[in-house]
Every structure is written in structure tokens, then in C-alpha cells.
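For reference, the structure discussed in these notes is given below.
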Amino acid sequence: MTTFVDRVVLHVAAGNGGHGVASVKREKFKPLGGPDGGNGGRGGSVILAVDPQATTLLDYHHTPHRKAANGKPGAGDERNGGDGADLVLTVPEGTVVKDANGTVLADLVGHDTTFVVARGGRGGLGNKALASPRRKAPGFALLGEPGESADIVLELKSLADVALIGFPSAGKSSLVSVVSAARPKIADYPFTTLVPNLGVVTAGSMRYTIADVPGLIPGASEGKGLGLEFLRHVERCSVLVHVVDCATLEPGRDPMTDLEVIEAELAAYVTDDTLGGRPLSDRTRVVVLNKADVPEARDLAEMVKPMLEERGLEVHIISAVAHTGLKELTFALARHVSEARAEVLARVPDRPRVIIRPTAVDDAGFHVRRENTPDGELFRVIGERPTRWVRQTDFSNDEAVGYLADRLNRLGVEDALLKAGAVSGSTVLVGPEDNAVVFDWEPTMSAGAELLTGPRGTDVRFENEGRKTRTQKREEFHARKDAQTVARDELATERRAGHWASVTDED
């Protein structure tokens, strides 16, 4: 059964934002309480976090589909919906995150390092938040924004200071077991090691990690054997140790040939330059001539040692079985690791550099691209804000559609379409190519229903000048009473003056 997985394809989806709600406050004696619709909650994000206790990506190999929680919708009485819970996925330290095209998105190194791989969608605004002095009674709300989704590749590259490389059964696992507390599986047949084994070595006051990389064979950099699957674990190691079997009985095998074959594979392997790694051929290399407990192997090691040192390589003759030469080797590796760490510290600044990328003054936040397709000419509006606005629009509500048109017009989309050559009836797409909304564009008219009924989202019943105060009503009442009194006095005066004499029938 597989217990170690160092590469998986993960399908993640963030939570959708909750929808806003259009609601009107209803209370006794207050038939026009105004809008009180709450906002929708934010959708949960998918976050990768480094966990020191994690050593493999096995969990994601079995369950590669992961989704965060959706945000809750809003409700009346100004009640906002709850935010969706973030989905935190723990990964081992040294995990590299790539997209489907192989572009490196993040290198997760360091405790508590996190990376948001898919952001949750924003919640839609309710009609309470959409209300304004000009739009006092919105009859619509915004929909929640869909969460991001992505297909990502997780690759685990072991964090070790020293990597043991060499042919199968060269004694790498045995060497790890005697210099550290690691207990890898050891046997006398090819490809005993199926997973990288890590151990901690203590040499005086120096502590460093050592990794046993599965055996390499000719053509490993091209995918033969197990080498290509595990060469990625060598990329982070600062010191490479060639473990050479001096007691092999295979025809055509000798220490010099083995070393040249492995060196050729290291040179052919392409490291990931985006992670700042150097080519494997530029790393510090040490040669270990193993199995010196065999007399013939000891003689062979003594014979080839001067030849290797002439090439500028540091050579150690050891026996992992007899435990000879190990102390000198561990202290020599500690010296190389210390030098490599000092070099890294000198290259990397103490404080992380903060990069600020301000938005350009003339950046409108979108651009219009004219395209010629087999179906005809179309105009594509590309931008974060127009795309989000379209996704949050309820197209079954005419007022919401009109609100979207107003927003796009204020952003300058209509002017940009006119400059690009769009005319009435042109096909306009807003959003990404794989999920765009299609419109038959009609330029906004300056005159229309708004001139008759007022701007969108208005209600004449909410206008203050249309509702009289109690003082105004009292003054009007007394004014009417005073007018009636004056009229009665005038009638009485005219009657006394004889203007209202009775008329008798003529004979």
C-alpha cells in the first residue's frame, strides 16, 4: 500500500458568496419603513498551510477534490449572512504549488507559511446597502460572487542539507541508518528504497539533515527507473554525496564509471530556476567509496582515490557495515553544510522586501478588445470590476439590469466600446473567455422612462417634500378656518346692506 506520495493534482474550489436580499421593513403604523435587506456572507477560501508534522501528500492523493463552505444569504431586518469557513489544507514543508501549465505559484518553505490558492466569492449587497439619497427604495439586491476554482499541482521537494545519490544497492540506506536514527528498509536487490528517507545527523555542535534518494540508473533524467520521480528531492540539498559501491560484481561497473554516469544524469536534469535553485552540477559534491570492509573493495578504493582527488573532489573511504570512516565523513559534511548555510544567509536579506505596485493614473480598470471570429465580429470587455458586477447581477430583475448598465456607463465602458467601433446591436462579451456573459449592446439613451418615473430605485412616496409635517397641517387648518370666518363676515355685511333683499313674485 502506498504511504508516501510526493506529487498530486488537486482540484480546489472556494465557496460562493451569499446572495443579498431585497426586503422592505414592515411594522405596525409604518407601511413605508424603507429597505432593510441584509448583505450576503463571504465564501470560504482554500488555503495551503505548512505543517511540520506532515510528511506526505497521501491524503490528497485519495481525495483530490476539495471545496470550501459557501457564504450564507442575507435576510430582512438588516440581518447579514454568515461568512463561509475557510478550508485550510496542511502540506509538508518544501511543497511547491504549480498551476495546470506548470507555472510556479508558491514555494511553501518555513513554519506557518500559508498561500491562498482559491479565494472565496464576495457576498452580494442587500437593498439596504444599495440605498442612497438618489436611490431610496431599491427593488433589487446583488447576487453573491462565485468562488474561484483551480486545478493545481503539489510537488514535495524534501528539505535536506545533504543528499546521498548513487546506483541502487550502493549502500545509501545503510549509511543513513548508521549516521542517524533513521531506520530505512535495507535489502540486497535493486530499488529497495522506494521513498526518500530523511535522518538527522549530529556532528559536534552541528546538526543537519541527510536524505537517502532512491537509486539512479542511466537515463533517470529522461524518466527511466525511479530517478526522475525523486530527483526533485535533490534540488533543495546544498551538498551532494556520491555513494559508490566498490564491491559490485556487475559487469561494466567500476567506481569511475558509476561516478561519470551519475554526474551525467545530474547535469541532464533541469532544475526549477523559478525557485532560485542552482544546477545540480554546481552543488558541492563529495565522493564516498563504500563497502571498504571487503578486502578487494578496499584495494580498489585506495587505487581510485587519487584519481578522484585530481578532479578536485573530496573523497572518503568508509564501511557502513563496519562503521569505519564515519566520524570523519560526518564532520566533513557538517563543514560543507555550515559553509552553504552561511552563503545562503549572505544572499538572502534579513527582512523580506515589500514590493508595492501602485495602479497607474490612467488605468481605467478594464480594456476592450475587438475580435474577429467565425461567427462575426465581437467586443470583449476584460476587467476585474466589470466581470464581478456582471456576476452579481440578477438578470431576471429589470431594475438590477438597469443598475448594472448605470455602473458600466459610469466606469466608461460605453465610451470605450464606441471608440473601439461598436455600434447598436454589436455583440459584447463581459468576463473571461471560458465564462463570459453575452450582450446585444444598445447605447444608453439620455431620455426614457426615468424622465417619467424618476431614477431607478426611487419612490415618490419617500420624497420628503411630498409629506407635510404636523405643523404645516395645523397652519393649513387654521388658515382654512380663518378664510371661512372672513367669508361669513363678508356675507353678513352684504346682507345688512340690502344686497341680498328677498325677491317677490310679480303680479
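Hydrogens, waters and symmetry mates are skipped; everything else that's a heavy atom, side chains included, is used. Just so it is clear, the model here is predicted, and its values are computed rather than measured.
- For the atom pair CH2 of W389 and CG of D406, the computed distance is 11.0 Å after rounding to the nearest 0.5 Å.
- Using modelled atom types and a 3.5 Å distance limit, the side chains of K98 and N101 yield no donor-acceptor pair.
- Residues that satisfy the side chain to side chain contact (heavy atoms under 4.5 Å, CB included) test with K419, not counting sequence neighbours, are absent from this structure.
- Remark: V437 engages V390, F395, F439 in a side chain to side chain contact (heavy atoms under 4.5 Å, CB included) (not counting sequence neighbours).
- Annotation: the span from E442 atom CD to S424 atom OG amounts to 3.0 Å, rounded to 0.5 Å.
- Distance CG/L404 to CG/N397: 11.5 Å, rounded to 0.5 Å.
- Checked against side chain to side chain contact (heavy atoms under 4.5 Å, CB included), D151 has the following partners two or more places apart in sequence or in another chain: H11.
- Side-chain atoms of S426 come within 3.5 Å of backbone atoms of V423 as a donor-acceptor pair (strictly under, hydrogens ignored).
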Can you give each donor-acceptor pair under 3.5 Å made by side-chain atoms of residues 478-486, sequence neighbours left out, with the distance rounded to 0.1 Å?
from, atom 1, to, atom 2, distance (Å)
T485, OG1, K481, O, 3.0

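- In this structure, CD in Q392 is found 10.5 Å from NE2 in H19, a value given to the nearest 0.5 Å.
- Summarising the geometry, atom CG belonging to L48 is positioned 7.5 Å from atom CG belonging to L10; distances are rounded to the nearest 0.5 Å.
- By the ring-ring contact (aromatic ring centres under 6.0 Å, His included) test, F379 is found to be paired with no residue, residues two or more places apart in sequence or in another chain being considered.
- Note that OG1 of T387 and CD of E145 are 9.0 Å apart. Values are rounded to the nearest 0.5 Å.
- Taking 4.0 Å as the cut-off between side-chain N and carboxylate O, R380 and E371 count as a salt-bridged pair.
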Please set out all donor-acceptor pairs under 3.5 angstrom arising from side-chain atoms of residues 120-128, sequence neighbours excluded.
from, atom 1, to, atom 2, distance (Å)
N127, OD1, S23, N, 3.4
N127, OD1, G37, N, 2.8
N127, ND2, S23, O, 2.9
N127, ND2, P138, O, 3.3

